[in-house]
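Just so you know, these numbers come straight off a predicted model, no measurement behind them.
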Amino acid sequence: MALSEMAQNDEHSNGSVAVIGAGVVGLCCALEAQRKGYQVTLFDRDEVGLGASFGNAGYLATELIEPLSNPQTLRSALSLWLNPKGPLFLPLQYLTRIIPWLFRFVGASAIETLQRSRKGLIQLNREAIAAWQRCLTDIDATEQIIKSGYLLVWESADKIEAARQHQAWLRDNSIDAELVQGERLAQLEPELAKTVSHALFFPDACRVREPYLLCTRLFSAFIERGGVFIQQSVTQVRPSGRQVTVFTEPQDYRYDTAMICAGAWSKTLLSDMGINVPLEAERGYHLTIPEAGFMLRHTIGSAERRFVMGPLESGLRVVGMTELGGLKLHPFKQRFDVLRYHSRQLLPGLNTPELEVSEWMGHRPTLPDSLPVIDQHPQHPQILFAFGNQHLGLTQAAVTAELTLKLLQKEVSMIDMSLFKVNRF
C-alpha cells in the first residue's frame, strides 16, 4: 500500500493529528486540536454524526453522577431483565459472550470502585456545560444549546419519599432540584398533569436543539478551518517511531499524533496495539415522532419506566433500553414496541395511529465502571484515547476534548486524570 505523508507541517503548525471517529466526541477533539494549532484529519467509515451521536435524546445530563453499577441497580437487575416491558435486555444469542463483562460490571459496584467512578463523573459533569459553551462560542454556534430545564417524573403518588430522598442526595452533591406537584407540575408540563404525580425539576438543565445538526455544525466549522475528512474505515493504528500510521483499506497515512475516538469500535483498534479494555457495545433504541414535538416543553425522564423523551427540532424523541448485544445483531422489533408502550402510557396524546414514527438503533460505548478512557498509550504517548462515555457522550464531549488536548500538550488539569486511565482495569 502507498503511504501518504500527512505530517507536512508549516511553520505555524504544532504538527499533524489524525482523529479516528466522527461522532460528537471525535468532532470536539478535532476542533480542539485545531484551536491548539494542529493540522487535523478526521476519519470515519460513515458520514459525520451518524453513530450514537445521532440517536441520543439531546439532553445534557449533568445530574447523572451515579455509576450504572451500584447496589440498587444490581438488586433490581434480574427483575428488570425478566420484565418483558422492562428497560434491560440481554439477548440470549449474546449471553455467553457478555458474561465476562457482567462479572466486571458487578465488581465495579464495590465501595472503593463505586466512589472512584462517582468522583470521575462528578468532575466531568461539573465542567461539561462550560466546556460546551467555550466550544460553541468559538465557532459562533451558541444557539445549538438551549437552557430548557429537565423533569424527572414519578407516576405513583406513594413514591414521593423516593423523590425526596433523591433530591436530598442531589443536594449533597451540589445539584439543585425542585420537588413539584399539582398546579406547579401542570404549569411546567400540561400534557403530563393527568399521568404524573410529582417530579424533580432541574431548572438549569440544558439540551441541544438537535444532536445531528449539532454534529454537522461542528463539522462545518472543522472544514472551514482547514480540516480534512477521509470517509474510510480505519483498520489499524500503529506507532511508527515517533509518529503514527493510520491504516485504511485503500491507503495508509502517517501523522505526528492520533486520537482514537471511535466509540464502541475503539476496542478492536486498541487490541491491535496490545491493549485490552472491557468495552462493550450497549445498544440503545429510539423513536422520533415529527408531529409530536409540541407535546412536551422539557426533556422528561421517567424514574419508574426508565426512559427519556423530549422535544427536538426533528420532533419528539423517545429514547431508552439498555441492551448488551454487541455490534453485529440486528435491532429487535419488540424494543421499539416497548418504547411505544411506555411513551403512550406517560403521554396519552401519542395514542394516535396517524402519527408518523421513525425507528433507530445505535451503539453506546460502555465500560464496567461508567467512566470513559481519556489517556495516552502507556508506551507511545503520540497515541491518545477518548472513548467510552456510555450514556453521557453528548454531555461530556466538549470537556473530554479539552482534557485530551491537555494530555497531548502536557498541561496540568484540575480534574484527576488518573480516574480515566486506559490500564485501570
Of all the heavy-atom pairs spanning L312 and V208, show the shortest one and how long it is.
CD2-O, 3.7 Å
Do the side chain of T352 and the main chain of E354 share a donor and acceptor less than 3.5 angstrom apart?
no
Interatomic distance, CG@L350 vs OH@Y341, rounded to 0.5 Å, equals 14.0 Å
Does G55 offer a backbone N or O that forms a donor-acceptor pair with the side chain of H286 under 3.5 Å?
yes
Less than 4.0 Å between a side-chain N and a carboxylate O, is that true for R424 and D369?
yes
Atom pair CD (Q123) and CZ (R126), whose distance is rounded to the nearest 0.5 Å:
8.5 Å
Is there a donor-acceptor contact under 3.5 Å linking the side chains of S370 and Q390?
no
Side chain S53, main chain G49, donor-acceptor under 3.5 Å:
no
Search all heavy atoms of Y255 against all heavy atoms of I230 and return the closest pair with its distance.
OH-CD1, 4.2 Å
Considering only NZ, NE, NH1 and NH2 on the basic side and carboxylate oxygens on the acidic side, decide whether E359 and R340 come within less than 4.0 Å.
yes
Once rounded to the nearest 0.5 Å, what's the spacing between atom OG1 of T195 and atom CH2 of W154?
14.5 Å
Does any N or O in the side chain of T137 come within less than 3.5 Å of the main-chain N or O of R134, such that one atom is a donor and the other an acceptor?
no
Hydrogens and angles aside, do E32 and T404 bring a side-chain donor and acceptor to less than 3.5 Å of each other?
no
Side-chain donor-acceptor pair under 3.5 Å between N389 and Q396, yes or no?
yes
Donor on one side chain, acceptor on other, T322 and E282, under 3.5 Å:
yes
What closest approach, in Å, do L408 and Q376 show between heavy atoms, and which atom pair accounts for it?
CA-NE2, 4.3 Å
Stepwise ring pair (Phe, Tyr, Trp, His ring centres under 6.0 Å) check, F229 with F219:
CA-CA 9 Å; F229 177 55; F219 181 64; 5.4 Å; yes
Under-4.0 Å salt bridge between R118 and E66
yes
Neighbour count above 12 (heavy atom, 6.0 Å) for E143 CD:
yes
Between P368 and F425, what is the shortest heavy-atom contact and its length?
CD-CE2, 4.1 Å
Could you tell me which non-hydrogen atom of N125 sits nearest to which non-hydrogen atom of T62, and how far apart they are?
ND2-O, 3.3 Å
If you count the non-hydrogen atoms of other residues, nucleotides and ligands that lie under 6.0 Å from CD in E155, is the total more than 12?
yes
Does any N or O in the side chain of S69 come within less than 3.5 Å of the main-chain N or O of S109, such that one atom is a donor and the other an acceptor?
yes
Quick one, E210 with R317, criterion salt bridge (Lys or Arg N to Asp or Glu O under 4.0 Å). Give me CA distance, side-chain angles, the key distance, then yes/no.
CA-CA 10 Å; E210 181 69 41; R317 177 70 52 85; 3.3 Å; yes
So which atom in K119 and which in D416 form the shortest heavy-atom distance, rounded to 0.1 Å?
NZ-OD2, 3.4 Å
Within 45° of the six-membered ring axis of Y94 and under 6.0 Å from that ring's centre, is NZ or CZ of R97 located there?
no
Any side-chain to backbone donor/acceptor pair from W132 onto L394? Under 3.5 Å, distance only.
yes
